[in-house]
Amino acid sequence: MMTPEQNFMRKIEAEEKIEPKDWMPEAYRQNLIRQISQHAHSEVIGMQPEGNWITRAPSLRRKAVLLSKVQDEGGHGLYLYSATETLGVKRADLIAAMQSGEAKYASIFNYPTQTWADIGAIGWLVDGAAIVNQISLQRTSYGPYSRAMIRICKEESFHQRQGYELMIALAHGSPAQKAMAQDALNRFYWPALMMFGPHDAESAHSAKSMTWKIKRETNDDLRQKFIDQTVPQIEFLGLVHPDQDLKWNAERGHYDSGEIDWKEFYNVINGNGHCNRQRVEHHIRAHEEGAWVRDAMTAYNAKQRAKTTEQRQAA
Amino acid sequence: MSDFNLKAATQEYATRLGDDAVVLGHRLSEWTSNGPFLEEDIALSNVALDYIGRARMYYTYAAELAGNGKTEDDFAYTRDMREYRNLLIHELPRGDFAYTMVRQLLVDVFNTYYLPELAKSADSTLAGIAQKAIKETRYHLRRSHEWTLRLGDGTEASHQRMQRALESLWGYTHELFDADPLELQLADAGIGVHNAALRPTWLAQVSAILTEATLTVPKDDWAVRGGRVGYHTENLGHLLNDMQFLHRAYPGCQW
């Protein structure tokens with residue numbers, strides 16, 4: 001007879017998905033709650049920097065594309081909150097943890113969107129980096145998370161193409177537009193690399209997550225993929241690569257790159273980036289401003305239920 | 001009217017309808033990331049998208065009638081406040097959620113009667129746009145109707161917010177049923193709609209919903225007008241300043 005733990009590990013090794021009702025180690029559950037809710041919060045907080053340009057999008061087509069994109073992100077947030085709820089937690093508690101700073105979201109959204117080109121750079125680089133990570137997560141061991149990733153990846157690749165297409169328009173535009181594109185690339189390239197997290201040796205949650213197959217590839221391997229795929233994309237735009245130390249390494253078959261500014265990485269993670277406070281305050285403000293709406297909904301539903309009961313009793 | 005005038009009038013009419021849609025779509029899009037909860041944030045963005053889509057169709061048609069190489073974006077991005085012809089109710093600020101929902105109710109009920117009339121237009125393009133928009137409006141009204149009930153008959157606080165919004169918006173509804181000589185001529189020609197005729201049914205339905213929601217139908221003792229002649233509230237200038245920022249800062253660029 002196998003113990004529940006042995007059976008769990010057998011499934012993991014056999015590439016069988018773990019489903020909500022299956023036995024799982026408590027640490028596995030907690031690890032998933034942390035990772036999936038963090039992913040959900042990232043989608044929701046990510047609506048802010050891009051939402052910052054919805055009213056200023058320079059054509060009706062771009063406005064519609066951006067609105068749908070931000071709306072899709074809200075939708076991704078919803079699936080991911082639902083996936084987290086299968087682990088026995090409540091969305092309201094997850095949101096409270098994000099608002100109190102106890103739960104994190106992707107640090108990339110703590111950078112400001114200063115120009116229109118940033119919307120292109122986010123679609124291209126940020127969604128691009130997210131896809132590299134999410135393609136790998138399609139094979140994650142937890143069933144609901146894996147299925148959410150498969151669905152989300154499809155929409156994300158669409159967003160990435162739209163972002164890149166926006167960059168092409170700018171890179172082929174006036175000198176001022178091209179400069180705007182270069183500036184956005186310079187500002188978003190490094191933070192996009194940071195999205196993959198610390199080096200494997202320093203990654204707090206990596207080892208266990210790899211054993212449990214929550215994570216399928218290491219931070220550094222995923223980052224390398226992204227670095228490699230981005231080089232020809234920058235060339236095609238005719239922009240200058242922001243990494244001056246970038247060099248093809250024929251022996252490894254990969255690009256060698258310059259070192260990430262880890263001081264900046266930890267500074268932003270620890271809550272001191274340009275927009276950390278602004279993003280959380282915005283979320284809290286919208287949430288508080290909506291409190292009377294949610295209260296009214298609850299009150300109305302209660303009244304309707306009371307009416308139905310009354311009618312039933314009268315009948 | 002000669003053929004040429006009819007075409008010019010139709011172009012002007014399509015532009016006005018495009019202005020209504022783009023301005024309201026803009027206001028609704030201001031809710032993105034500001035909604036009371038995630039599902040509603042998504043739904044409001046969706047309604048905003050419908051209006052942006054309508055604006056594109058009306059402007060594209062206006063551009064086609066103008067026949068001078070203009071595009072939908074020239075209409076949206078290169079005209080200043082005094083050239084815009086949207087009805088004022090569409091440009092008022094987004095306000096709180098009650099204000100947004102009351103405005104939607106008033107406009108959605110209007111569109112429920114207006115669009116089926118426009119769908120009978122002798123102008124097949126306008127009729128086609130209206131046909132597509134009817135389906136969206138049915139969904140919009142289902143939402144604004146339900147929200148009016150929930151918020152009107154929810155808590156004391158939500159009821160007060162709804163009644164206040166209603167009082168401050170009501171005077172802007174009269175303009176929905178006005179028609180200047182151009183719109184009257186187009187309606188007579190079977191292209192436009194006799195808006196004034198829609199008011200009794202509009203009022204009956206709005207009143208029924210408000211009563212169901214325990215709200216009071218405001219008195220008809222004030223009206224503000226001017227959108228169709230470009231006499232706008234102060235709000236539109238700021239809205240356009242935002243919307244047209246890149247075109248103003250980098251004139252003549254393609255985006």
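Every chain is numbered from 1 and lettered A, B, ... according to where its sequence line falls, protein lines coming before strand lines. The analysis underlying the following values was restricted to heavy atoms, covering all of them including side chains, and did not include hydrogens, waters or symmetry mates.
The minimum heavy-atom distance linking A/Ala296 with B/Leu151 is given by the pair CB-CD2, 3.7 Å. Smallest separation of non-hydrogen atoms from B/Ile42 and A/Gly74: CD1-C, 3.4 Å.
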Hey, can you dump all donor-acceptor pairs under 3.5 Å between chain A and chain B, distances included?
| unit_1 | atom_1 | unit_2 | atom_2 | d |
| --- | --- | --- | --- | --- |
| A/Thr55 | OG1 | B/Asp242 | OD2 | 2.9 |
| A/Ala57 | O | B/Tyr77 | OH | 2.9 |
| A/Pro58 | O | B/His247 | NE2 | 2.6 |
| A/Ser59 | N | B/Tyr77 | OH | 3.4 |
| A/Ser59 | O | B/Tyr77 | OH | 3.3 |
| A/Leu60 | N | B/Asp73 | OD1 | 2.9 |
| A/Arg62 | NE | B/Trp255 | O | 2.6 |
| A/Arg62 | NH2 | B/Trp255 | O | 2.9 |
| A/Gln71 | NE2 | B/Ile42 | O | 3.2 |
| A/Gln71 | NE2 | B/Asn46 | OD1 | 3.0 |
| A/Arg91 | NH1 | B/Glu39 | OE2 | 2.9 |
| A/Arg91 | NH2 | B/Glu39 | OE1 | 2.8 |
| A/Gln177 | NE2 | B/Gln254 | O | 2.8 |
| A/His282 | NE2 | B/Ser33 | O | 3.0 |
| A/His282 | NE2 | B/Ser33 | OG | 3.0 |
| A/His282 | NE2 | B/Asn34 | OD1 | 3.1 |
| A/Arg285 | NH2 | B/Asn34 | OD1 | 2.8 |
| A/Arg294 | NH1 | B/Pro36 | O | 2.7 |
| A/Lys303 | NZ | B/Asp153 | O | 3.0 |
| A/Lys303 | NZ | B/Asp153 | OD1 | 3.0 |
| A/Lys303 | NZ | B/Gly154 | O | 3.1 |

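Neither the backbone nor the side chain of B/Ala43 comes within contact range of chain A; no heavy atoms are under 4.5 Å apart. For a residue to count as touching a neighbouring chain, one of its non-hydrogen atoms must lie under 4.5 Å from one of that chain's; by this rule B/Leu149 touches chain A with backbone and side chain alike. For B/Ala48, the parts sitting under 4.5 Å from any heavy atom of chain A are the backbone and the side chain alike. For A/Leu170, the part lying under 4.5 angstrom from a heavy atom of chain B is the side chain only.
When each of A/Ala169, A/Gly51, A/Ala64 is scored by its heavy-atom pairs under 4.5 Å with chain B, the top score falls to A/Ala64. By number of non-hydrogen pairs under 4.5 angstrom with chain B, the leading residue of A/Pro58, A/Ala286, A/Ala57, A/Ala299 is A/Pro58.
Interatomic distance, CD1 of B/Ile52 versus CG of A/Leu60, reported as 6.5 Å (0.5 Å rounding).
Within 6.0 Å of atom CZ in B/Phe37, more than 12 heavy atoms from other residues, nucleotides or ligands are found, so the atom counts as buried in its surroundings.
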